[in-house]
Amino acid sequence: MCSIMFDADLSGLVRDREVTLWYLQNDVFTGVIVTGTGTGCHVLGVNLKEGETEADFTDERCVELVRLATGRPDLDVRVLDRPVFSISHVLADTYRVGRVFFAGDAAHTMPPTGGQGGSTALEDGCDLAWRLWLVLTGQAGPDFLDTYDAERRPIGELMADAQLANLGVRMPPEARVGYPEPLKDPVGVLLGRRYHSTAIIDEPGDDGSLLEDPRVPTGRPGSRAPHVVLDWAGQRISTIDLFGSGFVLLAAKPGGQAWMDAGRLVKERLGIRLTRLLVGDELIDVEGRFTERYGVTESGAVLVRPDGYVAWRSPEAGPDPMGTLERVLRRILSR
Ligand SMILES: Cc1cc2nc3c(=O)[nH]c(=O)nc-3n(C[C@H](O)[C@H](O)[C@H](O)COP(=O)(O)OP(=O)(O)OC[C@H]3O[C@@H](n4cnc5c(N)ncnc54)[C@H](O)[C@@H]3O)c2cc1C
């Protein structure tokens with residue numbers, strides 16, 4: 001594909017409409033035009049035909065293509081750049097080789113259709129960062145870094161396949177061969193992902209799914225910790241605001257105090273950053289939904305990782321909260 005970046009006045013290109021992304025097919029080319037408003041930089045993406053190379057995209061031809069795409073034969077066009085790139089769908093076999101970790105396009109090159117390549121790259125970076133932090137500060141064992149590949153590679157594959165499917169539906173029908181089916185729930189792909197690795201303690205009977213419907217969160221280990229409205233010292237916050245710095249142990253009053261006490265002891269014994277929060281104490285469950293959303297009773301507990309994913313939960317009180325919590329954390333942290 002050639003991205004022709006150009007400067008031209010496209011005011012009034014389509015009356016009464018605010019559209020920025022157009023897929024075009026006509027006798028001359030198949031491509032996409034991304035328009036800014038009025039003057040400024042716009043992009044025309046043109047699919048290369050068999051045998052065409054970068055050299056075929058001279059200034060004159062680029063101007064001609066822009067005029068054809070916009071339907072303005074006399075348009076004053078200034079070509080700014082015309083990089084040629086291949087649309088790819090390539091996945092690394094592993095995200096880790098010894099001390100080397102793969103992230104972003106090096107791990108998963110995907111078609112741009114859907115705009116998730118950069119987002120997935122940023123997620124990889126954040127994900128690797130908190131795992132490295134745990135290992136470098138001695139909170140987790142070195143094997144913990146293998147969980148990066150175990151958790152992120154299936155997501156990279158999922159996103160790359162989803163974008164490939166999006167490309168397929170935008171292809172002319174005769175070229176739409178061998179593409180995966182588009183995902184039914186694009187929101188689920190972004191907010192309903194699940195992880196499975198030794199850093200998650202799956203519950204018996206877990207279906208191992210990579211996706212769930214984020215509109216009906218389950219609080220299952222491996223899922224994003226659900227949103228619940230809380231009142232904290234007169235301020236409205238979300239449970240999501242509690243995560244991001246170390247582990248968080250959540251339990252409800254009155255039965256959760258035993259888990260809080262266990263958390264204090266285990267935190268000291270293992271030397272980990274763990275925040276213990278009792279819902280119903282300094283945090284008020286405004287809508288009374290915490291236990292239902294997190295799938296625990298008022299004597300259970302939930303352990304949330306620094307990335308906001310549920311690592312483990314105990315729906316009920318247990319006979320030995322401290323022993324249980326220590327075993328859980330040792331297993332999760334590869335200690
Ligand atoms: C047309 C198009 C539209 C897109 N739209 C979106 C979008 O809307 N949303 C989105 O999230 N993503 C989008 N993407 C994808 C996104 O641009 C990429 O997924 C993202 O840039 C990948 O980031 P990265 O850091 O992994 O790799 P890159 O951005 O490729 O960065 C790698 C860097 O390494 C440098 N480098 C390479 N080799 C060496 C070397 N040997 N030594 C030193 N440096 C080196 C390169 O020069 C480059 O700067 C789009 C991509 C395209 C092509």
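Here, residue 1 is the first one in the sequence, and each next residue gets the next number. Start at 1 and go down the list; that is how both ligands and their atoms are numbered.
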- Do L75 and L10 pass the side chain to side chain contact (heavy atoms under 4.5 Å, CB included) test, and can you show the C-alpha distance, the side-chain angles, and the key distance before you say yes or no? CA-CA 9 Å; L75 190 69; L10 298 184; 3.8 Å; yes
- Message: Would S299 and T297 count as a side chain to side chain donor-acceptor pair (under 3.5 Å) here? Give the steps.
- Response: CA-CA 5 Å; S299 58; T297 65; 3.1 Å; yes
- Steps toward side chain to side chain contact (heavy atoms under 4.5 Å, CB included) verdict (D206, R194): CA-CA 11 Å; D206 189 286; R194 299 191 67 221; 2.7 Å; yes
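Around atom 2 (C) of ligand 1, the closest heavy atom drawn from G115, A103, P112 belongs to P112. Proximity annotation for atom 22 (C) of ligand 1: of T120, T113, D105, D105 comes nearest, heavy atoms only. Remark: among candidates G125, G104, G118, the nearest residue to atom 12 (N) of ligand 1 is G118, based on non-hydrogen atoms.
Within 6.0 Å of CD on E50 lie no more than 12 heavy atoms contributed by other residues, nucleotides or ligands. Residue D93 qualifies as open at atom CG: its count of foreign heavy atoms under 6.0 Å is 12 or below.
Of the protein's heavy atoms, none falls inside 4.0 Å of atom 40 (C) of ligand 1. Taking a distance limit of 4.0 Å, we find that atom 33 (C) of ligand 1 is approached by no protein heavy atom. Contact annotation for atom 15 (C) of ligand 1: protein present (non-hydrogen atoms, distance under 4.0 Å). The nearest protein heavy atom to atom 45 (C) of ligand 1 is not closer than 4.0 Å. In this structure, atom 49 (O) of ligand 1 has its sub-4.0 angstrom surroundings free of protein heavy atoms. Atom 26 (O) of ligand 1 is approached by the protein to below 4.0 angstrom, counting heavy atoms only. Atom 8 (O) of ligand 1 is approached by the protein to below 4.0 angstrom, counting heavy atoms only. Within the 4.0 Å cut-off (strictly below), a protein heavy atom is located near atom 53 (C) of ligand 1.
Test E212, E157, E123 against R193 for salt bridge (Lys or Arg N to Asp or Glu O under 4.0 Å) and you get one pass: E123.
Looking at every heavy atom in both residues, Q116 comes nearest to Q163 through N-OE1, 2.9 Å.
No donor-acceptor pair under 3.5 Å is formed between the side chain of D143 and the backbone N or O of S334.
For ligand 1, the polar-atom distance check finds no N/O of S3 at less than 3.5 Å from any of the ligand's N/O atoms.
Counting heavy atoms closer than 4.0 Å to ligand 1, residue Q116 contributes backbone atoms (N, CA, C, O) but none from C-beta onward.
Close approach to F85 involves these atoms of ligand 1, each under 4.0 Å from a residue heavy atom: 1 (C), 53 (C).
Classification of the W259-W312 ring pair by plane angle, with boundaries at 30° and 60°, yields perpendicular. The aromatic rings of Y148 and Y95 sit tilted relative to each other, their planes meeting at an angle between 30° and 60°.
Looking from atom 23 (O) of ligand 1 to the surrounding protein, the closest heavy atom is A121 CB, 4.1 Å.
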